Protein chains: 2
Amino acid sequence: MKERRRVTIRDVADAAGVSVATVSRVMSGSHTVNSDMAERVRWAMQELEYRPNGAAQGLASGMHRSVGVVLPDLSNPYFNDIIKATYVGASREQYRMLVTEWREPGEELGVSLDVLSRVDGLLLLSARMDIDGLRDLAARKVPTVLVNRVELGVDLPMVAVDNFSAMLELCQHLASLGHRRVVYLAGSPSAWQNRERWRAVQQARILGLDPVMVAADGTIEAGFEATDEALSHDPTALIAFNDLAALGAIARLRELGLRTPADISVTGFDDVSLARFADPPLTTIVSPKAALGELAWAMFEASLRGERIEQPPLLRAAFVHRASTGPARTSRSRV
Amino acid sequence: MKERRRVTIRDVADAAGVSVATVSRVMSGSHTVNSDMAERVRWAMQELEYRPNGAAQGLASGMHRSVGVVLPDLSNPYFNDIIKATYVGASREQYRMLVTEWREPGEELGVSLDVLSRVDGLLLLSARMDIDGLRDLAARKVPTVLVNRVELGVDLPMVAVDNFSAMLELCQHLASLGHRRVVYLAGSPSAWQNRERWRAVQQARILGLDPVMVAADGTIEAGFEATDEALSHDPTALIAFNDLAALGAIARLRELGLRTPADISVTGFDDVSLARFADPPLTTIVSPKAALGELAWAMFEASLRGERIEQPPLLRAAFVHRASTGPARTSRSRV
DNA sequence: CTGTTAGCGCGTTCAA
DNA sequence: TTGAACGCGCTAACAG
């Protein structure tokens, strides 16, 4: 295992007794190469343990064979399954994944642009930048797909779950259990998914629901902390923005001596892997995270090839009734 | 938002009426530049919305300003906090993060090498490749730090948690509660952390524990499914490789009508964010995931600068007693 | 089918 | 202090 200078295409060419162009050709799988010449080249590459320099390839060809993934928060486990599915697609095509989070709202566009010189395009997960930002990106004609966000009037391929219908179905479920006074534990106000879900909850007035919104932000901690304020509205059910917030809420309710669902029902959204193992198992919406990731990659790939992409329909998310919801308790003051 | 050709350093130079070299200098913060010239350049960069081409910078300077993060499984939320902390450090230094998982054991080295042509170095999270692989990497003299793995005889900086001591402390806790017959729900056999934790559990024989190992793999599902076999050994406590497996086990126990900890105690490891919100809240080990990520980045950075790195001591992980453990039930057959 | 060569965009000598 | 010119490693014409 001796130390060695980086071996370049030049070294391979010399070792094989051919030109660098030929080496480049066998790498790209060009069929216009004499087969035993190609064999010699491959042998030399093996022998020298040649690894093409990605930066050089990118600079010369304009293709980087990597995709930029931009998301709000790396620590949020919700994105894991999406990223995973995307990664599977990407690696199948020998693509690498450059992951960036932005944290500060307002940094999102900057971060995206920054990474643009090292990738062939972008996957924007749960983008929250304003429409102008999206338009800016769209105008750059760089393959970019929006995941978990739908924005009419922006010329970008997008893939998202039908949050509205799913949430409405969940509300229907609650209504049928006799719930009326409910609190929506909100996600980030600037998140499209939050707006859709809240829109559905409001729509559910026609089902008899009487919803109030309480701010949180889709983390366990936020769900935990927002619960006290939620209870001040004397609800029979808590509709959390997502599973994490729901889990946090349940933990707080337990602390307060309130039983779920006997005293109060709680619903989640997403069906993270823990949801069904929680106590009680969470009534929630199964968002097709893997499908989302796969589809996002597929659209990205199509976009790379310059194909004109037809907008796929919103992905359906299934409602699943587990044990965290039950009949509304009859209206008497809580414990 | 008109469409436009990529603006290069040339454009900036022209707009500012200077040479490209000068522009390059102000970018690198060279102090040998006339200040109003520098000002003009900065103005031109602003005006043209100039973004240096990363690939070109990488090619010219030999630095890619990005780090490769290699891990076993993107969907495992355990890594989120580590990656997050690493990312914070990296982005502070304008570094990007190229993330890759390997899935198939045996692909790890290949994946690592593959990414090496586009990054300045590697962060190997919970690496499971064999020593020869590590040595191969070490011989390449590329900045590489091992996270969650310690391997004497490999010349690579490494940072890890003191799994052994922490697990021993946890065992001490169980022993003091009168537990004797315990089952260790194992993680991946090739994971260093698993080996360390199991080693500690075995060591705990001197504390009176009588441990049996049952295969699992550190996921909720695996913990859930391994529980039945674990019970066949009639333990009073389950020591799970990590929190996820513990949570899965508890879910299964509940299904079986066994109460935690009244009928059987369960411990986790890591203290993922859900652990304290679970029912019952998990007795576990708080691994300093953020510190791990920060330290990993710091060591990587030092390694980049060519500094000789002194091996830091293992990070201490605190034991935390919550409600999933209690006195061993007196020995009578289970329900 | 193969080799020569001109860039890709930028960092970095080396003179001036 | 500044600019001209070379080279980083590779791809993609263009010749032959």
Side-chain angles (χ1 to χ4, degrees), chain A residues 4-42 44-45 48-66 94 96 113-120 142, chain B residues 4-42 44-45 48-66 94 96 114-120:
Chain A
R4 57 223 143 179
R5 180 179 64 79
R6 261 202 78 74
V7 13
T8 77
I9 198 175
R10 189 60 278 158
D11 302 317
V12 177
D14 290 350
V18 300
S19 74
V20 294
T22 301
V23 177
S24 178
R25 289 194 186 98
V26 338
M27 282 199 290
S28 66
S30 168
H31 280 229
T32 76
V33 183
N34 182 304
S35 59
D36 43 300
M37 220 169 198
E39 202 41 56
R40 289 219 311 282
V41 170
R42 262 185 282 273
M45 297 201 297
L48 302 179
E49 296 185 19
Y50 169 64
R51 309 252 164 202
N53 179 310
Q57 288 181 310
L59 185 55
S61 69
M63 298 257 75
H64 301 268
R65 283 211 158 281
S66 54
Q94 316 267 36
R96 288 96 195 158
L113 293 176
D114 176 72
V115 86
L116 225 42
S117 62
R118 352 178 113 258
V119 299
D120 298 333
V142 172
Chain B
R4 57 222 144 181
R5 182 178 62 79
R6 265 201 75 75
V7 12
T8 77
I9 197 175
R10 196 41 298 149
D11 302 316
V12 176
D14 291 350
V18 301
S19 75
V20 296
T22 301
V23 178
S24 178
R25 289 195 186 96
V26 336
M27 283 199 289
S28 66
S30 169
H31 281 230
T32 76
V33 182
N34 183 303
S35 60
D36 44 299
M37 220 168 197
E39 203 40 57
R40 289 219 311 282
V41 169
R42 263 186 281 276
M45 298 202 297
L48 302 179
E49 296 185 18
Y50 170 64
R51 310 248 165 201
N53 181 311
Q57 286 182 311
L59 183 55
S61 67
M63 299 257 75
H64 300 268
R65 283 210 158 276
S66 54
Q94 316 268 35
R96 288 92 197 158
D114 175 73
V115 86
L116 224 43
S117 62
R118 355 181 111 257
V119 299
D120 297 334

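Worth knowing before you read on, the calculation uses all heavy atoms, side chains too, and leaves out hydrogens, waters and symmetry mates. Each chain gets a letter, A, B and so on, in the order its sequence line appears, and its residues count up from 1. No experiment lies behind these values; they were computed from the predicted model shown.
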>> As a quick check of understanding, evaluate side chain to side chain donor-acceptor pair (under 3.5 Å) for B/Ser30 and B/Ser28, giving each step before the final call.
In response: CA-CA 6 Å; B/Ser30 169; B/Ser28 66; 5.3 Å; no
Closest heavy-atom pair, B/Arg65 versus B/Asp120, reported as atoms and distance to 0.1 Å, is N-OD2, 2.8 Å
State, yes or no, whether a side-chain contact exists between A/Arg6 and A/Arg51 at a heavy-atom distance under 4.5 Å.
yes
Bend of the helix from C/dC1-D/dG16 to C/dA16-D/dT1 from end-axis comparison, five pairs per end, nearest 10°, comes to 40°
Heavy-atom nearest pair, A/Val7 first then A/Leu48, reads CG1-O, 3.4 Å
note: B/Tyr50, atom OH; C/dC10, atom C1'; distance rounded to Å ~ 7 Å
All heavy atoms of A/Ile9 vs all of A/Ser24, minimum pair found to be CD1-N, 3.9 Å
note: B/Arg10, atom CZ; D/dA4, atom C1'; distance rounded to Å ~ 10 Å
Note to self: For a 4.5 angstrom cut-off between non-hydrogen side-chain atoms, does B/Gln94 reach A/Asp114?
What the structure shows: no
In numerical order, the residues of residues 27-40 of chain B whose heavy atoms come under 4.0 Å of DNA chain D are B/Thr32, B/Val33, B/Asn34, B/Met37
Protein N or O to nucleotides 6-8 of chain D N or O, pairs below 3.5 Å:
from: D/dC8; atom 1: O2; to: B/Leu59; atom 2: O; distance (Å): 3.4
from: D/dC8; atom 1: O2; to: B/Ala60; atom 2: N; distance (Å): 3.3

Nearest heavy-atom approach of A/Ala55 to B/His64 is CB-CE1, 3.7 Å
Residue set satisfying side-chain contact (heavy atoms from CB on, under 4.5 Å) with A/Ala60, at least two apart, ordered chain then number -> none
Side chain of A/Arg118, backbone of A/Leu116: donor and acceptor closer than 3.5 Å? no
Whole-Å distance, B/Ile9 CD1 to D/dA4 C1', equals 14 Å
Sorted by number, residues from residues 12-26 of chain B placing a heavy atom under 4.0 Å from DNA chain C are B/Ala21, B/Ser24, B/Arg25
Shortest non-hydrogen pair, A/Ala44 vs A/Ala16, comes out as CB-CB, 4.0 Å
Close side-chain approach of A/Val26 to A/Met45, heavy-atom, < 4.5 Å
yes
Residue pairs meeting salt bridge (charged side-chain N to carboxylate O under 4.0 Å, His left out), one or both in residues 16-42 of chain A, sequence neighbours left out, come to A/Glu39-A/Arg42
Quick check: does any side chain N or O of B/Asp11 sit under 3.5 Å from a backbone N or O of B/Thr8, one acting as donor and the other as acceptor?
yes
Taken to the nearest whole Å, CD/A/Gln57 to C1'/C/dG7 is 16 Å
